[in-house]
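Right, one structure below, let's go through it.
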Amino acid sequence: VICTLAFGHRFSLEDNEFLKLMEALESLSQSAGSLFIFLYDTFPSVMKYLPGPHQKALLSMEKILSFAKKEIERHKEHHPLHEPQDFIDFYLLQMEKCKDEPDSTYDDENLAQCVFDLFAAGTETTASTLEWALLLMASHPDIQDKVQKEMEDIFGSSQIIHYRDRTKLPYTNAVIHDIMRSKYVLLAGIPRRTAEDVNLLGYSIPKVQKTDLASLLCPKSKRCYKVALQGIHTCRQELPVQCIS
């Protein structure tokens with residue numbers, strides 16, 4: 001799906017370049033939750049000079065970026081600029097439109113990084129979340145029955161459900177959120193910086209202060225949650241704070 005979105009086509013499972021991409025993604029995902037990667041995200045200017053497992057992850061990142069850059073060059077050579085078909089095409093078209101803007105951030109490096117983000121953030125994270133969801137639903141058949149009943153009551157047994165329908169499924173929506181809250185796919189949230197002063201659920205976050213936004217949005221402490229939540233035994237009305245809805 002991500003290959004079709006980013007590149008406009010799928011790859012053969014026997015394609016050597018694609019297999020190298022998959023190996024790099026697998027290597028990156030295995031180290032994504034490690035302490036060394038957390039330290040690198042926190043202290044990149046220091047950790048990039050130190051030995052450790054994170055160096056292998058950095059090499060995998062370079063392989064993925066190299067793959068993306070090759071695809072970008074192929075698009076430039078073979079795809080009509082004004083007939084965009086995929087993410088790279090649309091980005092290149094936007095680059096052309098903004099080429100005379102001195103403050104434009106549309107360039108080849110940023111495009112390659114965007115493609116990298118699509119793969120890094122959309123493969124292992126999605127797979128891990130689905131695996132946890134299946135495990136938790138199988139472990140809690142009563143919750144599974146309630147989710148199924150809510151879907152059937154609203155849509156019947158044959159209608160296709162779309163993302164926009166989530167507001168009609170408060171219980172299912174809350175169960176999905178609680179799965180992602182309780183089984184966060186990384187060791188820790190990725191550090192972010194706020195571009196301006198923000199007030200989030202009564203907590204003030206000053207501009208430019210580095211914050212662990214993912215942990216803030218998916219708290220496990222009583223600082224945000226007034227009552228303890230056990231597993232996914234909850235519904236939207238029972239959530240004390242709607243942190244991630």
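We count residues from 1, following the sequence as given.
Annotation: the span from Leu130 atom CG to Leu135 atom CG amounts to 12.5 Å, rounded to 0.5 Å. Taken to the nearest 0.5 Å, the CD1 atom of Ile2 stands 8.5 Å off from the CG atom of Leu25. In this structure, the separation between NE2 on His75 and CD1 on Ile88 is 4.5 Å, given to the nearest 0.5 Å. Here the CD1-CG distance, from Ile161 to Leu169, works out to 6.0 Å after rounding to the nearest 0.5 Å. From Ser128, atom OG reaches atom CE of Met180 across 13.5 Å, with rounding to the nearest 0.5 Å. Here the straight-line distance linking atom NZ of Lys97 with atom CG of Leu92 works out to 12.5 Å at 0.5 Å rounding.
Residues Ile64 and Leu19 do not share a hydrophobic cluster, defined by chaining ILVMFWY side chains whose heavy atoms lie under 4.5 Å apart. Cluster membership for Leu5 and Leu21, using ILVMFWY side-chain heavy atoms within less than 4.5 angstrom, is shared. Linking ILVMFWY residues whenever their side-chain heavy atoms come closer than 4.5 Å, directly or via other members, leaves Tyr49 and Met61 in distinct clusters.
For Tyr106, the OH atom counts as loosely surrounded, since its 6.0 Å shell holds 12 or fewer non-hydrogen atoms of other residues, nucleotides or ligands. Counted within 6.0 Å of CD on Glu101, heavy atoms from surrounding residues, nucleotides or ligands total more than 12; the atom is thus considered enclosed.
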Practice prompt. Apply side-chain contact (heavy atoms from CB on, under 4.5 Å) to the pair His82 and Leu93, showing each step before the final yes or no.
Written response: CA-CA 7 Å; His82 296 285; Leu93 179 59; 3.5 Å; yes

Item to complete: Walk me through it: do Leu58 and Tyr40 pass the test side-chain contact (heavy atoms from CB on, under 4.5 Å)?
Response: CA-CA 10 Å; Leu58 294 177; Tyr40 176 80; 3.6 Å; yes

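Residue Ser60 comes nearest to Ala24 through the heavy atom pair CB-O, 3.5 Å, listed as atom of the first residue, atom of the second, then distance. Listed here is the closest heavy atom pair of Ile72 and Ala112: CD1-N, 3.7 Å. Of all heavy-atom pairs between Asn110 and Thr105, the closest is ND2-O, 3.0 Å. The heavy-atom pair separating Gln55 from Pro51 by the smallest distance is CG-CA, 4.3 Å.
Glu23 has no carboxylate O lying under 4.0 Å from a charged side-chain N of Lys20, or vice versa, which leaves the two without a salt bridge. The residues Glu150 and Lys168 are annotated as not salt-bridged, no charged nitrogen and carboxylate oxygen being separated by less than 4.0 angstrom. Comment: Glu96 engages Lys99 in a salt bridge, judged by a side-chain N to carboxylate O separation of less than 4.0 angstrom. Look at Arg74 and Glu77 and you find no salt bridge, because none of the NZ, NE, NH1 or NH2 atoms lies under 4.0 Å from a carboxylate O. Using a cut-off of 4.0 Å between Lys/Arg side-chain N and Asp/Glu carboxylate O, Lys76 and Asp89 are scored as not salt-bridged.
Side-chain N/O atoms of Gln148 and Glu152 include a donor and acceptor closer than 3.5 Å. Side chains of His9 and Asp86: no donor on one and acceptor on the other come within 3.5 Å.
One N or O on the side chain of Gln144 and one on the backbone of Met137 form a donor-acceptor pair closer than 3.5 Å. A donor-acceptor contact shorter than 3.5 Å is absent between the side chain of Ser66 and the backbone of Glu62. Distance alone, capped at 3.5 Å, places no donor-acceptor pair between the Asn199 side chain and the Ser204 backbone. Although no hydrogens or angles enter the test, the distance criterion places a donor-acceptor pair under 3.5 Å between the side chain of His54 and the main chain of Met47. Under the 3.5 Å distance criterion, the side-chain polar atoms of Asp197 are matched with a main-chain donor or acceptor of Lys207.
Between Phe18 and the options Phe67, Phe11, Phe119, a ring pair (Phe, Tyr, Trp, His ring centres under 6.0 Å) holds for only Phe11.
Side-chain contact between Ile143 and Tyr171 is present, with at least one heavy-atom pair separated by less than 4.5 Å. Side-chain contact between Asp108 and Met95 is present, with at least one heavy-atom pair separated by less than 4.5 Å. Contact of the Lys56 side chain with the Leu59 side chain is not registered, since no non-hydrogen atoms from C-beta on lie closer than 4.5 Å. In this structure, Gln113 and Leu65 have side chains that are in contact, with non-hydrogen atoms separated by less than 4.5 Å. Inter-residue side-chain proximity for Val175 and His177 is flagged as unmet; no heavy-atom pair is nearer than 4.5 Å. Taking 4.5 Å as the limit, some side-chain heavy atom of Met151 sits within range of a side-chain heavy atom of Thr172. Residues Leu28 and Phe116 are in side-chain contact: their nearest non-hydrogen atoms beyond the backbone lie under 4.5 Å apart.
Classification of the Tyr91-Phe87 ring pair by plane angle, with boundaries at 30° and 60°, yields tilted.
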